[in-house]
Amino acid sequence: MRRRSPAALLRKWNTPAIAQRLLGASLVRRWHGKTTVYPITEVEAYDGFDDLASHASRGRTKRNALMFGKAGHWYVYFTYGMHWMLNIVTGPKDYPAAVLIRGAGDISGPARLTKQLHITGALNGRSASPQSGLWLVLNDPPRKKDIIRTPRIGVAYAGPVWSKKKYRFVRKHRV
DNA sequence: GCAGTGATCATA
DNA sequence: ATGATCACTGCC
């Protein structure tokens with residue numbers, strides 16, 4: 001099949017839908033002249049102003065400003081004093097949303113993913129395009145029955161409603 | 001079960 | 001300026 005750019009997909013409003021569609025996409029990394037393709041296996045949606053699990057829920061700050069920006073850019077932040085987290089910014093401009101990429105290829109866990117792919121703050125704010133060395137390509141969308149929906153990981157602080165939203169999506173079968 | 005590790009943000 | 005927190009991992 002023809003590989004399509006996900007630019008139009010990422011601009012949409014429905015972040016959980018985008019996240020699920022990205023389970024039918026691959027992360028492509030170019031590093032030291034070698035290009036490797038990692039089919040995405042696990043994602044989480046962080047959606048809008050009201051999502052108490054989202055960095056954007058308490059308004060715009062220096063760190064989260066990218067979430068309010070243009071879709072299709074990487075939002076990479078540092079946490080727990082040692083881990084980088086990789087997100088793709090989604091939604092229209094001024095609507096804060098992103099999809100956290102938690103697993104791809106054989107790699108499980110968002111910090112392991114960034115470590116293995118050499119992803120750091122150097123990519124923060126860069127466009128998801130070959131120029132940045134890290135981009136996305138769309139494959140066939142996953143079937144609905146091949147997607148597991150669960151609450152997001154590590155967001156107990158988000159209160160009874162938002163910590164339980166089923167905004168984590170895992171692909172059942174390897175692609 | 002919990003230590004590690006340091007940027008970020010709210011509070012002052 | 002200070003202190004709590006953290007979209008995690010690895011080892012106990």
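Residue numbers begin at 1 in each chain, while the letters A, B, ... track the order of the sequences. As the structure is a prediction and not an experimental result, all values here were calculated from the model. Values reported hereafter were calculated over all heavy atoms of this structure, with side chains retained and with hydrogens, waters and symmetry mates removed.
The separation between A/Y80 atom OH and B/dG4 atom C1' is 12 Å, rounded to whole Å. As rounded to whole Å, 9 Å separates atom C1' of C/dG10 from atom CE of A/M82. One interatomic measurement links the two molecules: CD1 of A/I88 to P of C/dA7, which rounds to 19 Å at whole-angstrom precision. Summarising the geometry, the separation between OH on A/Y157 and P on C/dA7 is reported as 4 Å, rounded to the nearest angstrom. Computed from coordinates, the A/H83 NE2 to B/dA3 P distance equals 15 Å when rounded to whole Å. Straight-line distance from the CZ atom of A/R152 to the C1' atom of C/dC6: 15 Å, rounded to whole Å. When the C1' atom of B/dG6 is taken as reference, atom CH2 of A/W84 falls 11 Å away, rounded to whole Å.
Using a 4.5 Å heavy-atom cutoff, the side chains of A/R21 and A/L138 are in contact.
Residues A/K115 and A/G154 both approach DNA chain C. Their nearest nucleotides, taken by heavy-atom distance, put A/G154 toward the 5′ side.
Residues A/R29 and A/T36 have side chains that never bring a donor and an acceptor to within less than 3.5 angstrom of each other.
Note on A/A111: only backbone sugar-phosphate atoms sit closer than 4.0 angstrom, heavy atoms only; bases stay farther off. Within 4.0 Å of A/M85, counting heavy atoms only, lie sugar-phosphate atoms of the nucleic acid but no base atom.
A side chain to side chain contact (heavy atoms under 4.5 Å, CB included) with A/L86 holds for exactly one of A/L123, A/N124, A/I119, A/T120; it is A/I119.
For A/R168, no side-chain nitrogen or oxygen approaches OP1 or OP2 of C/dA7 to under 4.0 Å. Distances shorter than 4.0 Å separate some side-chain N or O of A/H55 from OP1 or OP2 on C/dA7.
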Under the side-chain hydrogen bond (donor to acceptor under 3.5 Å, both in side chains) criterion, do A/R171 and A/T41 qualify, and how do the steps go? CA-CA 5 Å; A/R171 201 171 167 134; A/T41 58; over 6 Å; no
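In the hydrophobic clustering, where aliphatic and aromatic side chains (Ile, Leu, Val, Met, Phe, Trp, Tyr) are joined below 4.5 Å either directly or transitively, A/W31 stands alone.
Atom CG of A/L136 sits about 8.5 Å away from atom OG of A/S26, to the nearest 0.5 Å.
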One character per nucleotide, please: for nucleotides 7-12 of chain B, 5' to 3', B when the base has a protein heavy atom closer than 4.0 Å, S when only the sugar-phosphate does, - otherwise. SSS---
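Paired runs in DNA chain C that reach 3 or more consecutive Watson-Crick or G-U pairs, where each pair keeps both distances under 3.5 Å, cover B:1-4 with C:8-11, B:6-11 with C:1-6.
Contact detail for A/V43 and A/I101: the closest heavy-atom pair is CG1-CA, 4.5 Å. For A/P130 against A/W135, the heavy-atom pair with the smallest separation is CA-CE3, 3.4 Å.
The existence of a salt bridge linking A/D106 and A/R112 is excluded, since no basic side-chain nitrogen approaches an acidic carboxylate oxygen closer than 4.0 Å.
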